[in-house]
Each structure stands twice: as structure tokens, then as C-alpha cells.
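Below: the structure, in C-alpha cells.
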Protein chains: 2
Amino acid sequence: MTTKTRILETALRQFNEIGTDQATVRSIAEEVGISHGNLCYHYRNTDALIEALYDELIREIDEQVFQIQPPDIDMASTVRSAGITFRLLYKYRFLMLDLVRITRRIGSLREKFRELMRLRRLQFRQGFQALISKGLMREEWAPGFYDHLTTNMLVLGDNWIPNAEIHFDEKGDVVVQYYLEAFLSLLVPYLTEKGLAEYRLVVAGANVGRREGGRG
Amino acid sequence: MTTKTRILETALRQFNEIGTDQATVRSIAEEVGISHGNLCYHYRNTDALIEALYDELIREIDEQVFQIQPPDIDMASTVRSAGITFRLLYKYRFLMLDLVRITRRIGSLREKFRELMRLRRLQFRQGFQALISKGLMREEWAPGFYDHLTTNMLVLGDNWIPNAEIHFDEKGDVVVQYYLEAFLSLLVPYLTEKGLAEYRLVVAGANVGRREGGRG
DNA sequence: ATAATTTTAGAACAAATGTACTAAATCTTT
DNA sequence: AAAGATTTAGTACATTTGTTCTAAAATTAT
């Protein structure tokens with residue numbers, strides 16, 4: 001395995017575990033087993049490492065998620081996309097744990113993130129439209145309502161990780177699953193009966209979302 | 001005004017504006033117009049300042065929000081509490097912007113935050129119960145569903161600020177209002193007709209939440 | 001094989017920062 | 001007014017970290 005790759009892997013681990021402030025070119029170099037001078041030859045500083053890892057994340061998301069386009073969207077693909085994204089974000093969780101500081105320091109990353117956010121907002125919109133046109137999701141109750149929903153889903157999608165870091169002791173898949181379920185439950189009130197049926201089939205451990213009781 | 005107060009005020013401003021990493025005992029002392037030696041006499045280091053400001057936040061929340069107990073809970077008090085909390089969090093937003101790093105570094109604060117989270121979760125539960133018993137909110141569709149709702153509201157309640165910081169250019173009340181509305185909209189699907197009517201009265205600019213269209 | 005290029009280790013430097021210390025100044029109390 | 005306590009300014013030190021530089025080693029190309 002190339003030195004560059006080993007550096008990136010170790011940097012990712014250290015960033016995730018001790019944060020971008022505690023991980024230094026020296027600490028990473030030490031773990032890789034090279035001199036920090038050498039590390040700086042490959043990556044000028046920690047910011048360069050962060051940018052490289054961010055690009056990796058985007059590449060992986062592009063590869064695995066952004067392929068799915070409106071015609072293919074159904075409940076299963078929606079749930080699957082969310083799951084993949086959640087797991088990828090978790091893999092690169094240091095980015096989410098430190099987003100404010102990182103985007104404050106690295107202006108170019110801030111712009112990239114904002115661009116990504118705009119893109120994802122659009123995709124949510126299109127996704128909702130697709131689900132609606134397939135009779136899986138209900139028409140918008142009132143103008144702007146699905147914008148709120150989108151905002152909430154975007155905020156949650158970006159920020160469940162910091163929350164988990166602070167308030168959870170567990171790590172890994174348990175955590176991802178916990179927040180993923182909560183996240184998906186946001187959709188439930190807006191699904192049609194048909195959508196809900198599909199949703200129940202798709203979401204594992206699905207005692208989530210039975211709705212027979214309710215209605216005023 | 002006492003030196004200690006002036007220090008706290010300036011620290012709050014600098015933390016909010018440039019972050020807890022860029023603000024140093026020296027930069028704060030300089031703005032206050034005292035020597036950094038003097039500042040360290042009052043507050044040993046920036047961590048001490050952070051803790052003091054956190055205690056302030058908790059004091060203000062206790063004072064303004066935690067007074068309201070279940071018997072008094074209705075739609076108006078719920079919306080009001082949310083608004084007050086959102087504005088207080090925004091006042092001390094550096095805490096939310098840097099929560100992970102802060103709680104990683106200051107163990108005692110981490111415990112305090114987790115305790116606060118547990119308390120708030122309980123309060124949400126009780127609030128929901130109160131709203132249900134008053135016929136404003138519907139019974140839980142399925143067991144665990146309102147837990148998801150609580151999780152989502154807690155995550156959003158803590159993390160809209162980092163989101164705003166990164167993706168918004170505006171500052172202040174505009175931002176608070178934007179996220180507050182989105183946050184409150186989470187409740188809407190679970191309100192009874194009566195609850196929805198009260199909600200519409202209470203929430204300003206309320207074209208939010210009209211529901212006549214929907215249902216399957 | 002030899003030259004050129006890339007990679008590596010290690011030293012050195014500068015800047016920033018928390019922390020401690022000293023002595024002067026100011027305020028309280030008696 | 002005098003003694004004691006508190007507050008303040010300024011200095012000094014140790015540590016950390018990013019960054020640069022040099023020269024050696026390893027690799028690649030010719």
C-alpha cells in the first residue's frame with residue numbers, strides 16, 4: 001500500500017477518534033511510522049489532509065448515492081440511499097463533528113459544503129416529487145411545508161453524528177441505525193397508505209409507523 | 001460594571017464570532033483592556049470561561065423555561081418555550097458550534113450536557129402527555145414513535161445553529177425564526193384539529209400547517 | 001551503470017499559547 | 001492612617017505546532 005494511502009487512512013482514524021485539533025502532522029506521521037517531514041512532503045498540513053478526505057467522501061457519495069435518479073426512486077431506493085449516506089457520513093464523521101471550525105478555517109471547503117447542501121435540497125425536492133407522483137407520498141398540505149421538512153431532514157442528516165458523539169457511549173452500527181430510524185420516521189406522517197405499506201416492508205424492525213389508531 | 005462581568009461579556013462575543021479556538025486569554029484581555037495576567041487571575045484559562053458561560057446559559061434557561069410545568073402546558077406555552085430556548089441557545093451559540101470539542105476537552109461539561117439532555121427528553125415526554133391529555137395532540141400511533149419524534153426534536157434543537165452558521169449568511173433573529181418554524185412544524189402532523197387550530201393562532205405568519213387537502 | 005527524480009529523515013526556526021511569578025497599585029477594614 | 005487583602009500589569013518560561021530546509025536514501029528512467 002502506498003504511503004499516501006496509509007497516511008490518509010491513519011489521518012481518518014485519528015481525526016475521527018481524537019478530533020482534527022488533537023491530531024497533528026506529527027501524531028499522524030508517528031502512527032504511520034514515517035517522519036513528519038515526509039508527511040508534509042505528501043500533504044502540506046492537516047488542512048490538506050482534511051480536504052483530501054472530504055474529496056474522498058464526495059467521491060464515495062457520488063458513486064453510491066447520486067446515481068439514483070428520479071425515475072428509479074421508490075420507497076426502497078429512498079431508504080437505501082439514506083442508509084448508505086448515513087454510513088458514509090459516519091465513516092468520515094470527523095467532518096461532521098468539526099464542520100463549523102473546518103469550514104471557518106478552510107474557505108474552499110465552506111463553499112463546497114454549501115454547494116452540496118443546495119444540491120441535496122434539490123434532490124430532496126425531486127425525491128418528494130417522485131414519491132408523490134407514484135402515489136407513495138401525499139401532496140403538500142400547505143405551500144412551504146415540505147420546505148420545512150427538507151430543512152429538518154438536512155439538519156438532522158448532517159448533525160445526528162455530533163449528537164451521537166456527545167450523548168451516546170456506543171459506537172458504530174448501533175448508533176447509525178438508531179438515528180437512521182428516527183430520521184426516516186420524519187417521512188411517515190406524509191406517506192400515503194400505499195407508501196406506508198412499502199415503507200414498513202423496507203424498514204427493518206418495522207413496528208414503526210402503524211397509523212390505524214389516530215385521526216383527530 | 002465589574003471586571004469579571006466585562007470579561008464574560010467579551011469572551012461570549014469573541015467565542016461566538018471567532019470560535020473558542022481563535023479566542024485566547026490574550027485576545028479577550030486585550031479587548032477588555034486589561035492584561036492577560038489579570039484575566040487569568042479571574043479565570044484560569046479559556047476553559048474556565050467556557051464553563052462560566054455554560055453555567056450562565058443554564059441559569060437563564062432554568063429561569064425562563066423550566067418554570068413551566070405540565071399543568072400549565074398548552075400550545076401557546078409550548079411555542080413560547082421553544083422560542084425562548086432557541087433565542088438563548090443563539091445567544092450562547094459558540095457552545096453549540098463547538099459542542100463536540102468542548103465536551104471532549106472538559107469532561108465535567110460533557111456530563112452536565114448529558115444530564116441536561118436526559119432532563120429535556122423527559123420534559124418532551126411530559127409535554128407530549130400534557131398536550132395529549134388536553135386533546136391537543138394525538139395518541140401515539142405506535143410505541144416508540146414519539147421517542148423518534150423526541151430524538152429528532154432534540155437533535156434539531158441542538159444543531160440548527162451549526163447548520164445556520166455554515167449555510168446562512170444572515171445573522172440574528174431572521175435565522176432563529178427560520179429554524180424555529182421548521183422545528184415547530186415537526187409537531188404539526190401529530191396535532192389534533194383542536195391542537196392545530198391553537199397552533200395556527202400562536203405561530204406567527206401561520207400559513208403553516210393547513211391540512212384540509214391531504215389524507216390518503 | 002549512471003543520471004535524474006522521487007521519497008524520506010531529521011534538524012531548525014518562528015509563532016502562539018497556557019501558565020506561573022513578581023511586584024506594584026488599589027481597595028477594605030480596622 | 002496603617003495593615004492586610006485584593007486586583008492588576010508585565011515578564012518569563014515551557015510546550016506545541018506548522019513550516020522550511022538540507023542531505024541522504026531509494027527508486028526510476030535512460
Side-chain angles (χ1 to χ4, degrees), chain A residues 1-55 94-95 97-98 100-110, chain B residues 1-55 94-95 97-98 100-110:
Chain A
M1 191 174 9
T2 109
T3 306
K4 276 181 95 103
T5 316
R6 281 191 302 147
I7 292 173
L8 271 193
E9 277 185 6
T10 305
L12 178 58
R13 179 147 23 91
Q14 286 204 10
F15 286 159
N16 280 340
E17 281 172 15
I18 60 178
T20 51
D21 56 333
Q22 294 299 315
T24 65
V25 284
R26 281 175 170 80
S27 72
I28 295 167
E30 190 187 19
E31 191 182 327
V32 177
I34 60 174
S35 68
H36 75 277
N38 187 11
L39 195 153
C40 289
Y41 168 76
H42 291 287
Y43 297 96
R44 192 179 191 72
N45 49 35
T46 49
D47 284 356
L49 283 168
I50 292 171
E51 283 209 59
L53 286 168
Y54 174 83
D55 291 339
F94 79 93
L95 283 169
L97 294 174
D98 232 4
V100 174
R101 207 179 290 232
I102 289 173
T103 54
R104 268 182 178 161
R105 204 176 47 221
I106 313 178
S108 58
L109 265 196
R110 183 181 145 103
Chain B
M1 193 176 3
T2 110
T3 305
K4 276 181 96 102
T5 317
R6 280 191 302 148
I7 292 173
L8 272 193
E9 276 185 6
T10 306
L12 177 58
R13 179 147 23 90
Q14 288 205 9
F15 286 159
N16 280 340
E17 281 172 15
I18 61 178
T20 51
D21 57 332
Q22 295 298 316
T24 65
V25 285
R26 280 175 170 81
S27 73
I28 295 166
E30 190 188 20
E31 190 181 328
V32 177
I34 60 175
S35 67
H36 75 278
N38 188 12
L39 195 155
C40 288
Y41 168 77
H42 290 288
Y43 296 96
R44 191 180 192 73
N45 48 36
T46 49
D47 285 356
L49 283 168
I50 292 170
E51 282 209 61
L53 286 168
Y54 173 82
D55 290 340
F94 79 92
L95 283 169
L97 294 175
D98 230 4
V100 174
R101 206 177 291 230
I102 289 173
T103 54
R104 267 183 178 160
R105 203 175 48 220
I106 314 179
S108 58
L109 264 196
R110 183 180 145 104

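Computed from a prediction, not measured in an experiment: that's the story for all the values here. In what follows, every chain begins at residue 1, and chains take the letters A, B, ... in the order their sequences are listed.
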Inset, instruction - In whole angstrom, give the distance that lies between atom CZ of B:R44 and atom P of C:dC21. - result: 10 Å
Legend entry - Verdict with reasoning, B:L8 to B:L53, per side chain to side chain contact (heavy atoms under 4.5 Å, CB included): CA-CA 7 Å; B:L8 272 193; B:L53 286 168; 3.9 Å; yes
Legend entry - Nearest-Å distance for atom pair CG/C1', residues B:L39 and C:dC21: 17 Å
Inset, instruction - Would you kindly give the NE2-to-C1' distance between A:H42 and C:dA9, to the nearest whole Å? - result: 12 Å
Inset, instruction - Over all heavy atoms of both residues, which pair between B:R104 and A:L97 is shortest? Give the atoms and the distance, please. - result: NH2-CD1, 3.7 Å
Legend entry - DNA chain C contacts among residues 3-25 of chain B, heavy-atom distance under 4.0 Å: B:T24, B:V25
Inset, instruction - Check whether the side chain of B:R26 and the base of C:dG18 form a donor-acceptor pair under 3.5 Å. - result: yes
Legend entry - Gap between atoms OH and P, on B:Y43 and C:dA20 respectively (whole Å): 18 Å
Legend entry - Nearest heavy atoms of B:A23 and B:T46, plus distance in Å: O-CG2, 3.9 Å
Inset, instruction - Find out whether A:E31 and A:R13 are in side-chain contact, i.e. whether some heavy atom of one side chain is under 4.5 Å from a heavy atom of the other. - result: yes
Legend entry - Nucleotide C:dA24, atom P - distance to OH of B:Y41 in whole Å: 18 Å
Inset, instruction - First locate atom CG of A:L12, then atom CG of A:L49, and finally report the distance between them rounded to the nearest 0.5 Å. - result: 10.5 Å
Inset, instruction - Measure the spacing between CD1 of A:I50 and OG1 of A:T20 and express it to the nearest 0.5 Å. - result: 5.0 Å
Inset, instruction - Taking heavy atoms of chain B and a 4.0 Å limit, find me the 5'-most and 3'-most nucleotide of DNA chain D within that range. - result: D:dT6 to D:dA12
Inset, instruction - Mark yes or no for a side-chain to base donor-acceptor pair under 3.5 Å between B:H36 and C:dT19, with no hydrogen or angle criteria applied. - result: yes
Inset, instruction - Any chance you could measure B:E17, atom CD, to B:Q22, atom CD, to the nearest 0.5 Å? - result: 13.0 Å
Show me the side-chain donor-acceptor pairs of residues 34-45 of chain A shorter than 3.5 Å, one per line, residues at least two apart or across chains.
unit_1, atom_1, unit_2, atom_2, d
A:S35, OG, A:N38, N, 3.1
A:N45, OD1, A:D47, N, 3.2
A:N45, OD1, A:A48, N, 3.0

